[in-house]
Amino acid sequence: MTPLKLGIPKGSLEEATIALFAQAGWRITPHARNYYPDIDDPTIRCALVRAQEMARYVARGTLDLGLTGLDWILETEADVAEVCTLTYSKASNRPSRWVLVVPEHSPIERVEDLAGCKIATELVGFTRRYLAERGIEAEVEFSWGATEAKAVEGLVDAVVEITETGSTIRAHGLRIVADLLITDTRLIANHTAMADPARRTRIEQIALMLKAALAARQKVALKCNVPADKLDAVVALLPSLHAPTVSHLYDKHWLALETIVDATAVRDLIPSLCAAGAEGILEYELRKMV
């Protein structure tokens, strides 16, 4: 089998994507002067491609698979196979939103108020179709960047911009009117590649490992020692995938307990475990979880 041609999104997602592949088991090493990073797997060749163009290159077979946002798949209307969803971004493991934004004191209160307005966005095709589906006639122009500033300076009536938290938008004295699209990262593949059994198997293996790495970021492993007479009280505190692993220590009056919990629960869980009698509590980060 010839190597799979993998597209890595260049730009804001680049570092986060390389970090995700590293956690999944592949070391990707970019080069400052070319667009073809090294990867420690002879069955894969990498290319850096802007997320906005990724779906088109995958659709036409220039790439076998790549990572890009749902927003750019919809924007380009590219015919690709969506292998799996991978919810991560440059700043967090949360999906992002494309939102309709106006100046704080704008009379626009809802999407329907955009009739006759001028709107700036990078997501031109999707925005035009979104408005057309609702019978709203407005002028939508492409923004080459600094999109929020166009609303601040009054160059347009509204902008459609991507955000994770909305904090930057509010900091510029702007107001979110509505969410137009919730987007996250997708692993996409060329239909011809997916029709080939060997290439499909390899693509699905990559998807499995990437999903396992992402799942592990949300969980941690906890180990502790528990007096036998307090085991039931400690176990009752533990949310786990099935049930905690319990094993006997040399001292028959003590047991060792191990489980997987949500990372966000640990700050409240550990004090409760201590109060219930657990000792020697250890927390481990996970690399992958399937």
Side-chain angles (χ1 to χ4, degrees), residues 12-28 40-41 67 69-70 82-97 163-168 170-171 179 182-187 204-290:
S12 62
L13 271 181
E14 183 177 340
E15 289 187 11
T17 300
I18 290 173
L20 177 60
F21 269 87
Q23 186 177 340
W26 287 274
R27 187 174 67 252
I28 297 173
D40 62 344
D41 186 335
L67 295 96
L70 172 63
E82 293 189 27
V83 182
C84 66
T85 298
L86 300 166
T87 304
Y88 72 100
S89 68
K90 63 180 179 180
S92 70
N93 292 325
R94 297 184 296 185
S96 297
R97 303 179 291 154
T163 185
E164 289 184 39
T165 64
S167 58
T168 302
R170 292 189 292 270
D179 287 7
I182 306 297
T183 184
D184 45 26
T185 306
R186 305 293 169 96
L187 179 66
E204 290 177 343
Q205 288 173 346
I206 293 170
L208 174 66
M209 298 308 291
L210 292 175
K211 290 190 293 182
L214 271 183
R217 293 181 179 182
Q218 312 300 320
K219 303 286 185 178
V220 296
L222 284 183
K223 295 181 69 173
C224 62
N225 296 330
V226 183
D229 60 350
K230 296 182 178 179
L231 178 64
D232 289 343
V234 169
V235 170
L237 296 171
L238 295 174
S240 63
L241 292 175
H242 297 291
T245 300
V246 178
S247 55
H248 288 275
L249 298 178
Y250 182 77
D251 183 338
K252 65 181 181 180
H253 299 294
W254 284 81
L255 299 165
L257 184 150
E258 185 171 1
T259 191
I260 306 297
V261 300
D262 288 337
T264 55
V266 171
R267 61 192 177 197
D268 297 320
L269 183 57
I270 287 180
S272 298
L273 292 174
C274 289
E279 296 182 8
I281 300 172
L282 302 176
E283 176 185 344
Y284 295 95
E285 289 187 354
L286 304 175
R287 295 290 292 172
K288 300 172 188 68
M289 190 174 76
V290 180

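Since this is a predicted model, take the numbers as computed values, not measurements. The analysis underlying the following values was restricted to heavy atoms, covering all of them including side chains, and did not include hydrogens, waters or symmetry mates.
The two atoms that bring A256 and L249 nearest to each other are CB-CD2, 3.7 Å, heavy atoms only. Summarising the geometry of A276 relative to K230, their closest heavy-atom pair is O-CD, 3.5 Å, with the distance given to 0.1 Å. The shortest heavy-atom contact between Q23 and A213 is NE2-O, 2.9 Å. The minimum heavy-atom distance between G277 and P227, with the atom names listed, is O-CD, 3.2 Å. Taking every heavy atom of both residues into account, L255 and H248 meet most closely at CD2-ND1, 3.2 Å. Nearest heavy atoms, A207 versus L187: CB-CD2, 3.7 Å.
Of the possible polar contacts, none joining the N225 side chain to the G280 backbone as a donor-acceptor pair under 3.5 Å is found. Checked by atom type and distance alone, the side chain of T183 never pairs as donor or acceptor with a backbone atom of S96 at under 3.5 Å. In this structure, the side chain of D251 engages the main chain of H253 through a donor-acceptor pair within 3.5 Å.
Taken from OG1 in T85 to CG in L70, the straight-line distance is 8.0 Å, to the nearest 0.5 Å. Considering CG of D229 and CH2 of W254, their distance stands at 9.0 Å, rounded to 0.5 Å. Here the straight-line distance linking atom CG of L13 with atom OH of Y88 works out to 5.0 Å at 0.5 Å rounding. One distance of note links CD of Q218 with OG1 of T264; it measures 8.5 Å at 0.5 Å rounding. From T17, atom OG1 reaches atom CD of E15 across 10.0 Å, with rounding to the nearest 0.5 Å. Of the inter-residue distances, the one linking L214 atom CG with L20 atom CG reads 4.5 Å to the nearest 0.5 angstrom.
Among residues at least two apart or in separate chains, there is no side chain to side chain donor-acceptor pair (under 3.5 Å) pair with a member in residues 281-290.
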When you look at K219 and D262, which way does the side chain to side chain contact (heavy atoms under 4.5 Å, CB included) test go after all the steps?
CA-CA 4 Å; K219 303 286 185 178; D262 288 337; 2.5 Å; yes

Verdict with supporting geometry, L257 and L238, side chain to side chain contact (heavy atoms under 4.5 Å, CB included)
CA-CA 10 Å; L257 184 150; L238 295 174; 3.2 Å; yes

Before you tell me yes or no, could you show the steps for L86 and K211 under side chain to side chain contact (heavy atoms under 4.5 Å, CB included), namely the whole-Å CA-CA distance, both residues' side-chain angles and the distance that decides it to 0.1 Å?
CA-CA 7 Å; L86 300 166; K211 290 190 293 182; 3.8 Å; yes

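Contact of the L208 side chain with the V290 side chain is registered, since non-hydrogen atoms from C-beta on lie closer than 4.5 Å. Within the 4.5 Å cutoff, no side-chain heavy atoms of L273 are placed close to those of V226. Contact of the F21 side chain with the L67 side chain is registered, since non-hydrogen atoms from C-beta on lie closer than 4.5 Å.
Here E14 pairs with nothing under the side chain to side chain donor-acceptor pair (under 3.5 Å) rule; sequence neighbours left out.
Between R186 and D184, at least one side-chain N (NZ, or NE/NH1/NH2) sits under 4.0 Å from a carboxylate O, which counts as a salt bridge.
For E82, the CD atom sits in a packed shell: over 12 heavy atoms of surrounding residues, nucleotides or ligands are nearer than 6.0 Å.
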